[in-house]
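Below is one structure, written out as structure tokens; the observations come after it.
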Amino acid sequence: MSSLKLKKGLLVVDVQNDFCPGGALGIHGGHKIIPILNKYIKFFEKENLPIFVTRDWHPKVTKHFDEFGGVWPEHCVEGSPGAQFHPDLEFPKEALVMSKGMDPEKDSYSAFHATDSSGMVLANLLNIFGVTEIYIGGLATDYCVKYSALDALKDGLKVFILTDAIAGVNLQQEDSIVALEEMVSRGVKKTISEEFIQIYPLVRSPKV
Ligand code: VGL
């Protein structure tokens, strides 16, 4: 396998039942990004590139919830149906499932606070897989996607947001737009599936 192939990684953020319409914190149109995310996932899978899939995985009592002083209604409680990945999301068994939000004292929006089943943090896994360019999609644009993208920049990665595969909570109507502007102003690049899938073959290493 060429080193070029090892450089890209896909990060799918929090595509869980509670963040989709009908869920405890249902995001308008949240489910509509899933077929597009599935396309990206297939692409990374076919190319043997690492795929990281995060989930919010909260204890029942946490400062993240409004009942205990936070902002949000109870959602994505560990092991609950709302915390399960949306049934339409298709990812291979090789994908690395990462959980976050387990600390009852913290919000932990960023995927960089997530750990895999062995307790390894995302930054270490990215390092192990040699990922230098991360492609991020999922929920929500104005929270977990944004904080993950900004942390990825801090980690020294080149960061692409999949703008056709994100949706925002929008507590304020413009929140997602503002979040995207902030990401871009800090150095995040935007891409969409058509562009990504057209451009990608050009940068692929030749088949041997
Ligand atoms: C998220 C709001 C509350 C997210 C998580 O996944 O973006 N948003 N908790």
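Hydrogens, waters and symmetry mates play no part in the numbers below; they use all other heavy atoms, side chains included. Indexing begins at 1, ligand by ligand and atom by atom, following the structure's order.
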Item to check | Val97 with Val15, same ILVMFWY side-chain cluster at under 4.5 Å | outcome: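 Linked, Val97 and Val15 end up in one cluster.
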Item to check | Hydrophobic cluster membership, Val145 vs Leu153, 4.5 Å side-chain cutoff | outcome: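 Yes, Val145 and Leu153 fall within the same hydrophobic cluster.
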Checklist entry - Is it true that His64 lies under 4.0 Å from ligand 1, counting heavy atoms only? => result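 Heavy atoms of His64 do come under 4.0 Å of ligand 1.
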Checklist entry - Could you walk me through whether Asp14 and Arg55 pass the salt bridge (charged side-chain N to carboxylate O under 4.0 Å, His left out) check? => result CA-CA 5 Å; Asp14 297 3; Arg55 60 184 184 186; over 6 Å; no
Which of the numbered atoms in ligand 1 are below 4.0 angstrom from a heavy atom of [X]?
X	result
Trp72	2 (C), 3 (C)
Ala140	4 (C), 6 (O), 7 (O)
Asp14	4 (C), 6 (O)
His75	3 (C), 9 (N)
Asp56	5 (C), 9 (N)

Checklist entry - Going through the distances and angles, do Asp164 and Tyr40 end up as a side chain to side chain donor-acceptor pair (under 3.5 Å)? => result CA-CA 11 Å; Asp164 52 353; Tyr40 285 112; 2.8 Å; yes
Checklist entry - Quick one: do Glu47 and Lys8 make a salt bridge, cutoff under 4.0 Å? => result no
Next on the checklist: At under 4.0 Å between heavy atoms, is it the side chain or the backbone of Leu139 that contacts ligand 1, or both, or neither?
Outcome noted: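 Looking at Leu139 and ligand 1, just backbone atoms fall under 4.0 Å.
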Next on the checklist: Would you call the rings of Tyr109 and Tyr143 parallel, tilted or perpendicular, taking 30° and 60° as the class edges?
Outcome noted: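 Ring orientation of Tyr109 relative to Tyr143: tilted.
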Next on the checklist: Is the distance from the ring center of His75 to that of Phe65 below 6.0 Å?
Outcome noted: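 Judged by ring-centre distance (under 6.0 Å), His75 and Phe65 do meet the cut-off.
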Checklist entry - What protein heavy atom is closest to atom 8 (N) of ligand 1, reported as residue, atom name and distance in Å? => result Tyr143 CB, 3.6 Å
Item to check | Check: Cys144 N/O within less than 3.5 Å of ligand 1 N/O | outcome: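 Checking ligand 1 against Cys144, an N or O pair does fall under 3.5 Å apart.
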